[in-house]
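Accompanying notes for the structure given below.
Scope of the values below: all heavy atoms of this structure, side chains included, with no hydrogens, waters or symmetry mates. Numbered from 1 within each chain, the chains take letters A, B, ... in sequence-line order. Only a predicted model underlies this, so the values are computations on that prediction, with no experimental measurement involved.
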Amino acid sequence: MKLVHAQIAKSGFGQYPVVQTALVDSYSRSSSDIGFARQLFDEMSEKNVVSWTAMISGYTRVGQIGNAISLFDQMPERDVPSWNAVIAGCTQNGLFSEAISLFRKMMLLAQATQHRHIRPNQVTVVCVLSACANTGMLQLGKCIHGYVYRNSLGSDSFMSNALVDMYGKCGSLREARRVFDMTLKKSLTSWNSMINCFALHGHGRSAICIFEEMMQHGEDVRPDEVTFVGLLNACTHGGLVEKGRYYFLMMTQNYGIEPQIEHYGCLIDILGRAGKFEEALEVVRGMKIEPDEVVWGSLLNGCKVHGHTDLAEFAVKKLIEIDPKNGGYGIMLANLYGELGKWDESRKVRKMLKEHNAYKTPGCSWIEVDNEVNQFYSADKTHPRSEEIYKILGALSGLSLRFWYSPFIDCNT
DNA sequence: TCTAGGACCA
């Protein structure tokens, strides 16, 4: 890149705004050069709407969404790609409400000024549908679907996939299916989206039906790792243990897909929920990647359902190892020890939490104190061990008296 | 010379 840049500088073409914009765009594609891209952008004598947009997209690509929005606010004029750049940047960085509010502004502006050239296009709509999907805004999603229909924007598969995803995530499975069925040229993503919709809502068998249909009628499509996440997730939510094992094997043996953490997470969840802990642990041991908090969390959930306290203790310890600052896991362990009557261990965990400042995790101190009192209360109703409770509660700073005092009075009377 | 969809636990 630097060599090309040097050549451009030597040739004298570096004075043209088009060339300068291309340079800004190229540098902004690497997070280490984003500052340099901004420097080039600031030094440009004639910035046009394309240069502004290139810089904004650079910021959104490296996750500096604040800089992107602030630059967007300063733009002297905006075209559809510049609106799209900032809206897409918001959805990609998880700022869904901001994306929707920008879209509303764009719509209002287009209507108020009758500027046909800033009317939302396919790109805008696809991004905003994704924001609707992720925030569950079904009504807005439906309005946008109407806009798509009135303006004949729905011809490509990007659009129908975004609609399927939006309806599916918002719980309108019938509408998702309708849009899916009307999609003439179904891409792999179309099939994956529909499978995931059914999986998400626990319609395991419907998800499997879509997969089987894809294998029979899908043109030029071969299942990929996303397809199998959907399928395994469908088995998880549908309690389909046998099918889960079957698809995991199919993925690795028939399709040669190396399982990712997501696939392991689903499989272990399926086995854990079914109480098949030996098999679940065998899968964990055979993993080529380090199990993450999802894997241990799934296993813990299964342990809770089936009352497998030993393994639960092990899983929670693993969770704390992964994220020691997260007070929630420690609270779980303390509660677990409480349930088992292991008070010394319970206290030890709380001490550790305090050292890690985990009590500052929102909500944790109250939940913990509440449970502490409840546990003592339920463990020994005749001796509320008032002094001990006082000592522990006294050690916790910044707590509202109301939160522990009322149950305490209750157990004395 | 700028903009584009889909995935795991609780």
Discussion item. So if I take residues 164-186 of chain A and measure heavy-atom distances to DNA chain B, which residues fall below 4.0 Å?
Written reply: A/Asp165, A/Lys169
Item to complete: Quick one: label A/Thr189 by what it contacts on the DNA or RNA (base, sugar-phosphate, nothing), any heavy atom closer than 4.0 Å.
Response: base
Worksheet item: Considering residues at least two apart in sequence or located in another chain, which fulfil the salt bridge (Lys or Arg N to Asp or Glu O under 4.0 Å) criterion with A/Lys317?
Response: A/Glu313
Practice prompt. Evaluate the ring pair (Phe, Tyr, Trp, His ring centres under 6.0 Å) criterion for residues A/Phe41 and A/Trp52: first the C-alpha distance (whole Å), next the side-chain angles of each, then the deciding distance (0.1 Å), finally the verdict.
Written response: CA-CA 8 Å; A/Phe41 173 78; A/Trp52 282 84; 5.3 Å; yes
Worksheet item: Run the ring pair (Phe, Tyr, Trp, His ring centres under 6.0 Å) check on A/Trp83 and A/Phe72 step by step: do they pass?
Response: CA-CA 8 Å; A/Trp83 279 97; A/Phe72 181 75; 5.0 Å; yes
Worksheet entry | Pairing residues for A/Asp25 by the salt bridge (Lys or Arg N to Asp or Glu O under 4.0 Å) criterion, not counting sequence neighbours | A/Arg29, A/Arg61
Practice prompt. Return yes if a side-chain donor-acceptor contact under 3.5 Å exists between A/Asn151 and A/Arg119, otherwise no.
Written response: yes
Practice prompt. Verify the contact: side-chain N or O of A/His237 to OP1 or OP2 of B/dC9, cut-off strictly under 4.0 Å; return yes or no.
Written response: yes
Item to complete: Please determine, by modelled atom types, if A/Ser82 and A/Asp79 share a side-chain donor-acceptor pair under 3.5 angstrom.
Response: yes
Worksheet item: Separation of A/Met287 atom CE from B/dC8 atom P, in whole Å?
Response: 16 Å
Worksheet item: Do the rings of A/Phe228 and A/Tyr255 sit parallel, tilted or perpendicular, given the 30° and 60° boundaries?
Response: tilted
Discussion item. Looking only at the side chain of A/Val18 (C-beta and beyond, no hydrogens), which of the listed nucleotides B/dA4, B/dC9, B/dT1 gets closest?
Written reply: B/dT1
Worksheet entry | Out of B/dT3, B/dA4, B/dA7, whichever nucleotide has its closest atom nearest the side chain of A/Arg29 | B/dT3
Fill in: Qualifying residues under salt bridge (Lys or Arg N to Asp or Glu O under 4.0 Å), relative to A/Glu242, sequence neighbours excluded
A/Arg245
Practice prompt. Rounded off to whole Å, could you give me the CG-to-P distance for the A/Leu299 and B/dC9 pair?
Written response: 14 Å
Worksheet, complete the sentence: The side-chain hydrogen bond (donor to acceptor under 3.5 Å, both in side chains) partners of A/Ser157 (sequence neighbours excluded) come to none
Worksheet entry | Phosphate-side-chain proximity, A/Asn301 and B/dA10, N/O vs OP1/OP2 below 4.0 Å | yes
Practice prompt. For A/Arg78, report the nucleic acid contact type (base, sugar-phosphate, nothing); a contact means any heavy atom under 4.0 Å.
Written response: nothing
Item to complete: Can you label the angle between the A/Phe314 ring and the A/Trp296 ring as parallel, tilted or perpendicular, going by 30° and 60°?
Response: perpendicular
Worksheet entry | Nearest-0.5 Å distance, OG1 of residue A/Thr91 to CZ of residue A/Phe96 | 7.0 Å
Worksheet entry | Nucleic acid contacts - residues 85-95 of chain A versus DNA chain B, non-hydrogen atoms under 4.0 Å | A/Ala88, A/Gln92
Worksheet item: Reckon A/Asn121 has a side-chain N or O less than 4.0 Å from the OP1 or OP2 of B/dA4?
Response: no
Discussion item. Strictly by salt bridge (charged side-chain N to carboxylate O under 4.0 Å, His left out), give each pair with a member in residues 177-205 of chain A just once, sequence neighbours left out.
Written reply: A/Glu175-A/Arg178, A/Arg177-A/Asp181, A/Arg177-A/Glu213
Worksheet entry | Partners passing salt bridge (Lys or Arg N to Asp or Glu O under 4.0 Å) against A/Asp310 (at least two apart in sequence or in another chain) | none
Worksheet entry | Heavy-atom check, side chain of A/Ser193 versus side chain of A/Phe180, under 4.5 Å | no
Discussion item. Does A/Gln260 reach a base, just sugar-phosphate, or nothing at all? Heavy atoms under 4.0 Å.
Written reply: base
Worksheet item: Between residues 262-282 of chain A and DNA chain B, which residues have a heavy-atom gap below 4.0 Å?
Response: A/Glu262, A/Cys266, A/Asp269, A/Arg273
Discussion item. Distance check needed: B/dA10 P versus A/His306 NE2, whole Å only.
Written reply: 13 Å
Worksheet entry | Under 3.5 Å side-chain donor-acceptor pair for A/Asn67 and A/Ser70 | no
Item to complete: Output all residues satisfying side-chain hydrogen bond (donor to acceptor under 3.5 Å, both in side chains) with A/Glu345, sequence neighbours left out; order by chain, then residue number.
Response: none
Item to complete: Could you identify which residues of residues 49-66 of chain A place a heavy atom less than 4.0 Å from some atom of DNA chain B, listed by residue number, or say none?
Response: A/Val50, A/Thr53, A/Ser57, A/Arg61
Worksheet item: Got more than 12 heavy atoms from elsewhere within 6.0 Å of CZ, A/Arg174?
Response: no
Discussion item. If you take any heavy atom closer than 4.0 Å to DNA chain B, which residues from residues 194-209 of chain A end up in contact?
Written reply: A/Asn196
Worksheet entry | Sugar-phosphate, base or nothing in reach of A/Leu129, heavy atoms under 4.0 Å | nothing
